[in-house]
Amino acid sequence: EAGVAQSPRYKIIEKRQSVAFWCNPISGHATLYWYQQILGQGPKLLIQFQNNGVVDDSQLPKDRFSAERLKGVDSTLKIQPAKLEDSAVYLCASSYHGLANQETQYFGPGTRLLVL
Amino acid sequence: SQQGEEDPQALSIQEGENATMNCSYKTSINNLQWYRQNSGRGLVHLILIRSNEREKHSGRLRVTLDTSKKSSSLLITASRAADTASYFCATDKTGANNLFFGTGTRLTVIP
């Protein structure tokens, strides 16, 4: 089966610009996750969708970050305006049921963002 | 703060040797998972161990869980150069349905 797809793979922007990332999960997976991974750290959950509804966005900086999952399939994550500290790898993952603590999450290759 | 913390932060061994990584966590959990991340790539799920299990095997991997000490270990036997990667433990919290990743152990296997 095809894996989780993400684009772009790399993005360089200047601070205060906006940027968007796209994710296509594995077909049939109900749950989609966006993680932020800062260099040298583990991934941190930003937002979790179950179909097209938000399950958890408690760690999403909502003043600048937004995400949507229209039609319960693809998802986009947007940062507007970007700050230097947003430089990180943004990982998308999906799972079949959405029981994150009981099942495997499948990760995409990530988008590496550099904010100058 | 993140739930899990791995130890050591970095480990370098010769091919064929065993590698042991440890994970400590802070609160009660339902399950603990281990993931591998090759440089520049996404994470790959390795193994899940439930809170009522003490040991689990998968190929060359052996995971133990000690809930009384709030710790887990990942043992990779007969390491290969292809095992070079970062290894993360991920825990949940009782009553929560998301994962918290540790800071990872960077393993280098020298051919």
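Heavy atoms only: backbone and side chains are in, while hydrogens, waters and symmetry mates are out. In the text below, chain A, chain B and the rest are named by the order of the sequence lines, each starting its count at 1.
Heavy-atom pairs under 4.5 Å with chain B peak, among A/R9, A/R112, A/Q6, A/Q37, at A/Q37.
Atom CZ of B/R80 has 12 or fewer heavy atoms from other residues, nucleotides or ligands within 6.0 Å. Summarising the local packing, NZ of B/K69 is surrounded by 12 or fewer heavy atoms from other residues, nucleotides or ligands at distances under 6.0 Å. Residue-environment remark: CG (A/L84) exceeds the threshold of 12 foreign heavy atoms within 6.0 Å. For A/E68, the CD atom counts as densely surrounded, since its 6.0 Å shell holds more than 12 non-hydrogen atoms of other residues, nucleotides or ligands. Counting non-hydrogen atoms of neighbouring residues, nucleotides and ligands closer than 6.0 angstrom, the NZ atom of A/K11 reaches no more than 12 such neighbours. Around CD of A/E14, the count of heavy atoms belonging to other residues, nucleotides or ligands within 6.0 Å does not exceed 12.
In this structure, OH on B/Y35 lies 5.5 Å from OG1 on A/T104, to the nearest 0.5 angstrom. Separation of atoms CZ (A/F107) and CZ (B/R41) is listed at 14.5 Å; rounding is to 0.5 Å.
Side-chain contact between A/Q41 and B/F88 is absent, with no heavy-atom pair separated by less than 4.5 Å. Contact annotation: the side chain of B/L99 never approaches that of A/L45 to less than 4.5 Å [non-hydrogen atoms, C-beta and beyond].
Taking both residues in full, the closest heavy atoms of B/G42 and A/L91 are given as CA-CD2, 4.2 Å, listed atom of the first, atom of the second, then distance.
Side-chain contact of A/Q105 with B/Q33: a donor-acceptor pair under 3.5 Å is absent, judged by distance alone.
At a 4.5 Å heavy-atom cutoff, the contact between B/Q37 and chain A is made by side-chain atoms alone.
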